[in-house]
Structure formats: C-alpha cells, structure tokens
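Heads up, the thing below is written out as structure tokens.
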Amino acid sequence: FHHEGVHQLSELPNDMIAFNAAARAGGQALAGAGVEAADLDLAEIYAPCTITQVLAAEALGLIPRGRGAAAAEAGETALGGRLPICTSGGCLSRGHPPFATGLYGFVELFEQLTHRAGQRQVAGARLGLSVSELGNYNAALVHVLEAVG
C-alpha cells in the first residue's frame with residue numbers, strides 16, 4: 001500500500017498520469033512476492049474507465065510507459081494476449097458498486113487461479129496481481145496472489 005498524502009488532486013505540481021502510488025505499491029508488492037511484472041499471468045486493475053486501465057498498467061510496470069494504449073490495441077492485454085488485464089471486464093462491466101468494487105479483483109483472481117473462470121479463463125494461470133485505488137490513484141493497494149497445489 002502507498003498513499004501520496006493528498007485526498008484527490010495534489011496542490012503541488014506533479015505528473016498526474018504517472019500514478020505514483022500505484023507504481024510504489026506495485027513495486028513493493030512484486031518485491032515482497034519475489035517476482036517481477038513479467039512473471040504475472042494476469043492482472044485485475046481497479047479501472048473505472050479505459051484510460052485508467054492503460055495508465056495504471058503502465059505505472060505498475062506491466063506495460064512500458066507510453067505504450068499502454070498500443071499494447072491494448074495489439075491485443076497484448078486481452079484474453080489470450082501476453083498479459084490479460086481485467087479479464088472480469090473491469091469495474092463498469094460489474095456496475096462499479098461503491099465500497100465493493102475493490103473486492104472484485106480478488107474474486108476474479110480466485111476464479112482464475114482455481115481455474116473456475118469459464119470462458120474468461122487464462123490458460124495455466126498461476127500468478128495474478130490485484131489493484132485497488134483511492135482518489136485519483138493517489139493511493140493504491142496491490143496484492144500478488146499465487147495458485148497453490
């Protein structure tokens with residue numbers, strides 16, 4: 001977890017699309033799990049709109065900065081791509097309910113890592129990343145989950 005210490009937008013000039021909290025929390029989570037972004041089989045990112053998914057994926061190091069939209073367009077982040085992102089369909093496909101949306105990432109990873117995701121299943125999924133955010137991604141909570149057994 002990392003919080004930048006601001007509620008929504010900082011009064012200090014900064015790079016608003018860098019999502020620094022996601023970058024720091026993601027780095028801590030990956031290091032704590034002893035893995036790198038390239039080791040992941042999928043990621044479920046808290047993204048209430050398309051651009052948020054692109055920017056958060058870049059901040060987390062899942063896609064090189066500035067290449068998120070091109071990677072999505074090329075199918076890299078789709079089911080069957082190099083790193084499927086938001087296999088659940090993302091926040092808006094579920095109705096984005098207040099206070100519960102962040103939990104959906106865990107539900108999706110559970111279904112993926114236990115191979116119960118049906119048509120959304122990432123083949124051979126063993127390692128996934130879940131991200132929840134606060135404000136304008138000024139805070140992020142990142143977990144790495146691994147299949148057991």
Where is the tightest heavy-atom contact between [X] and [Y], given as atom of each residue plus distance?
X	Y	result
Gln112	Ala117	NE2-CB, 3.5 Å
Gln121	Glu111	OE1-O, 3.7 Å
Tyr137	Phe19	CD1-CE2, 3.4 Å
Asp39	Leu127	O-CD2, 3.6 Å
Ile45	Ala56	CG2-CB, 3.6 Å
Ala59	Ala22	CB-CB, 4.1 Å

From [X] [atom1] over to [Y] [atom2], what is the distance, rounded to the nearest 0.5 angstrom?
X	Y	atom1	atom2	answer
Glu58	Gln53	CD	CD	11.0 Å
Phe1	Gln28	CZ	CD	10.0 Å
Glu133	His3	CD	NE2	10.5 Å
Tyr46	Thr52	OH	OG1	9.5 Å
Ile17	Ile51	CD1	CD1	7.5 Å

Exercise. Determine yes or no for a side-chain-to-main-chain donor-acceptor pair under 3.5 angstrom, with Thr114 supplying the side chain and Phe110 the backbone.
Key: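 Yes; at least one donor-acceptor contact below 3.5 Å.
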Self-check item: Main-chain N/O of Ala147 paired to Arg126 side chain as donor or acceptor, under 3.5 Å
Solution: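 Present.
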Please check if [X] and [Y] belong to a single hydrophobic cluster, counting links between Ile, Leu, Val, Met, Phe, Trp and Tyr side chain heavy atoms closer than 4.5 Å.
X	Y	value
Ile63	Leu83	yes
Val144	Val131	yes
Leu109	Leu40	no
Leu113	Leu129	no

Quiz item: Do Glu36 and Leu30 pass the side chain to side chain contact (heavy atoms under 4.5 Å, CB included) test, and can you show the C-alpha distance, the side-chain angles, and the key distance before you say yes or no?
Solution: CA-CA 6 Å; Glu36 297 179 2; Leu30 291 167; over 6 Å; no
Practice problem: In sequence, state the C-alpha distance, the side-chain angles, and the governing distance for Glu44 and Phe106, and then conclude on side chain to side chain contact (heavy atoms under 4.5 Å, CB included). | Solution: CA-CA 8 Å; Glu44 191 69 16; Phe106 293 107; over 6 Å; no
Quiz item: Is Glu4 salt-bridged to Arg24, cutoff N-O under 4.0 Å?
Solution: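 Answer for the salt bridge query: no.
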Practice problem: Would you indicate whether Arg82, at its atom CZ, is surrounded by more than 12 heavy atoms from other residues, nucleotides or ligands within a distance under 6.0 Å? | Solution: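 Yes, enclosed.
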Exercise. Please name the residue in the list Ile85, Thr77, Leu42 that meets the side-chain contact (heavy atoms from CB on, under 4.5 Å) test with Leu62.
Key: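 With Leu62 as partner, side-chain contact (heavy atoms from CB on, under 4.5 Å) holds for just one option, Ile85.
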